[in-house]
Structures are given as C-alpha cells and as structure tokens.
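Let me begin by presenting the structure, written as structure tokens, before commenting on it.
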Amino acid sequence: MNSVGDGRYNIVYTENLFEDLRELYLNVAFISMSEETAYAFINRIWERIEVLSYFPNAYPEVEWNSNKGNGGTVRKLVIERKYIAYFYVDNEMNVVVIGLFYGGMSMDAVIERIRRYLFGV
C-alpha cells in the first residue's frame, strides 16, 4: 500500500542503484578533485529520481523489454542529459529504480544487467 497517502508513488531504491551512485560519486570526486562537486552532482540525481513519485508512467517505455513478471513495464528517466535511470512501477504503487546507467554505455550491456536484476539470469 502507498504509505504516502496522497496519491504519490513510493520510490524503491535497489542495491544496484546505490552501487551505481557510489561509483559515480567516486568518479566525479576523482575527476573534479572535489568531494563537494561530487556530492552536489549526486544530490541533483536524487532530486530527479524523486520526481518519479508523481506520474511515473508518463516516462517512456523502453523498446527492448517488458517486465510483465514483476508487474510493470521498464521505463527510463534521462538525467543530466548523460545518465538514464531505468525503473518499473509495480502493482502496489512502488516505483522500483533498477539502476543508473551512462547514456553512452553499450545497450547490450544495459539490457543484460537489467535482465539479470529482473529475472535473475
């Protein structure tokens, strides 16, 4: 059940997402030589992901995968023009954020990682 109670969806953060954000934080901190810059960047990403609590089904479906077994279709949210958060909405008004991917990453690698998360293969 939706614990927010006002029609918003609950955001479920997977361990995959936390790992992706940790790695991104470390990369940004290394490249910029600034933990403050990395922290601000990750905060912007969190803020964009939180937007999914309102109308998550308005975001485009991915063409390559249907997540019918878990209750929803995989969708994507583009963040900062370079990153894509993949997610699905389950039958209990939860937005499950699978992970965050660099937009230039091989699509085959993205699909493989998402399928491993969804179906354990």
Side-chain angles (χ1 to χ4, degrees):
M1 182 57 91
N2 182 8
S3 63
V4 178
D6 61 1
R8 290 189 296 166
Y9 291 75
N10 296 311
I11 307 293
V12 176
Y13 304 104
T14 63
E15 186 58 36
N16 285 345
L17 177 65
F18 288 121
E19 290 173 16
D20 295 340
L21 289 170
R22 275 192 293 272
E23 184 177 321
L24 183 58
Y25 174 87
L26 293 172
N27 287 335
V28 171
F30 177 76
I31 291 168
S32 68
M33 295 187 292
S34 168
E35 289 184 13
E36 292 82 17
T37 299
Y39 181 77
F41 184 67
I42 296 301
N43 274 341
R44 288 195 309 272
I45 290 173
W46 280 121
E47 288 171 3
R48 287 289 294 139
I49 290 172
E50 285 294 320
V51 169
L52 293 173
S53 66
Y54 299 97
F55 308 112
N57 292 319
Y59 292 90
E61 296 179 15
V62 297
E63 298 172 5
W64 43 262
N65 190 19
S66 179
N67 182 30
K68 294 179 173 82
N70 285 316
T73 300
V74 175
R75 297 177 178 277
K76 64 182 178 179
L77 167 67
V78 177
I79 302 173
E80 298 275 327
R81 297 185 326 218
K82 292 184 181 180
Y83 297 93
I84 302 171
Y86 289 95
F87 66 94
Y88 67 92
V89 181
D90 70 12
N91 294 326
E92 298 177 8
M93 291 187 71
N94 293 311
V95 176
V96 181
V97 185
I98 299 166
L100 183 72
F101 298 84
Y102 174 64
M105 188 175 176
S106 156
M107 206 56 185
D108 289 338
V110 171
I111 293 168
E112 176 63 27
R113 198 164 140 221
I114 290 175
R115 284 192 175 146
R116 261 186 285 145
Y117 172 80
L118 293 173
F119 307 113
V121 292

Could you report the tightest heavy-atom contact between Tyr9 and Val95, atom names first, then the distance?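 It is CB-CG2, 3.6 Å.
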
Taking all non-hydrogen atoms of both residues into account, name the closest pair between Ala29 and Ala38 and its distance.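 Where Ala29 meets Ala38 most closely, the heavy atoms are N-CB, 3.6 Å.
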
Are the side chains of [Y] and [X] in contact, using a 4.5 Å heavy-atom criterion?
X	Y	value
Val110	Ile84	no
Thr14	Val97	no
Ile49	Phe87	no
Asp20	Arg113	yes

Out of curiosity, [X] [atom1] to [Y] [atom2], how far, rounded to the nearest 0.5 Å?
X	Y	atom1	atom2	value
Ile79	Glu47	CD1	CD	11.0 Å
Ile98	Arg116	CD1	CZ	12.5 Å
Thr37	Tyr25	OG1	OH	9.5 Å
Leu17	Glu15	CG	CD	9.0 Å

Anything under 30° is parallel, anything over 60° is perpendicular, the rest tilted; go ahead and classify Phe101 against Tyr86.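 Ring orientation, 0 to 90° scale: perpendicular.
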
Considering only distance and modelled atom types, tabulate donor-acceptor pairs under 3.5 Å from the side chains of residues 52-62, sequence neighbours left out.
residue, atom, partner, partner atom, Å
Ser53, OG, Glu50, O, 3.0
Tyr54, OH, Arg8, NH1, 3.4
Asn57, OD1, Arg75, NE, 3.3

Please check this pair: side chain of Asn94 against backbone of Val96, looking for a donor-acceptor N/O pair closer than 3.5 Å.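 Pair absent, no side-chain N/O of Asn94 close to backbone of Val96.
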
Would you call Glu63 and Lys76 a salt bridge, taking side-chain N to carboxylate O under 4.0 Å as the test?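 Salt bridge flag = no for Lys76 with Glu63.
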
Are there more than 12 heavy atoms of other residues, nucleotides or ligands under 6.0 Å from atom CD of Glu35?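 Open: at most 12 neighbouring heavy atoms sit under 6.0 Å from CD of Glu35.
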
Could you tell me whether Met33 atom CE has more than 12 heavy atoms of other residues or ligands within 6.0 Å of it?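 No, the 6.0 Å shell around CE holds no more than 12 heavy atoms from other groups.
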
Joint cluster assignment, Leu100 & Ile31, ILVMFWY side-chain distance < 4.5 Å: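 Unlinked, Leu100 and Ile31 end up in two clusters.
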
Let's go through Phe41 and Glu80 carefully: what are the C-alpha distance in whole Å and the side-chain angles of both, what is the deciding distance for side-chain contact (heavy atoms from CB on, under 4.5 Å) to 0.1 Å, and is it a yes or a no? CA-CA 9 Å; Phe41 184 67; Glu80 298 275 327; 3.9 Å; yes

Can Val51 and Leu77 be said to form a side-chain contact (heavy atoms from CB on, under 4.5 Å), step by step? CA-CA 10 Å; Val51 169; Leu77 167 67; 5.8 Å; no

Pairing residues for Glu36 by the salt bridge (Lys or Arg N to Asp or Glu O under 4.0 Å) criterion, not counting sequence neighbours: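 Scan of Glu36 (salt bridge (Lys or Arg N to Asp or Glu O under 4.0 Å), adjacent residues dropped) gives none.
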
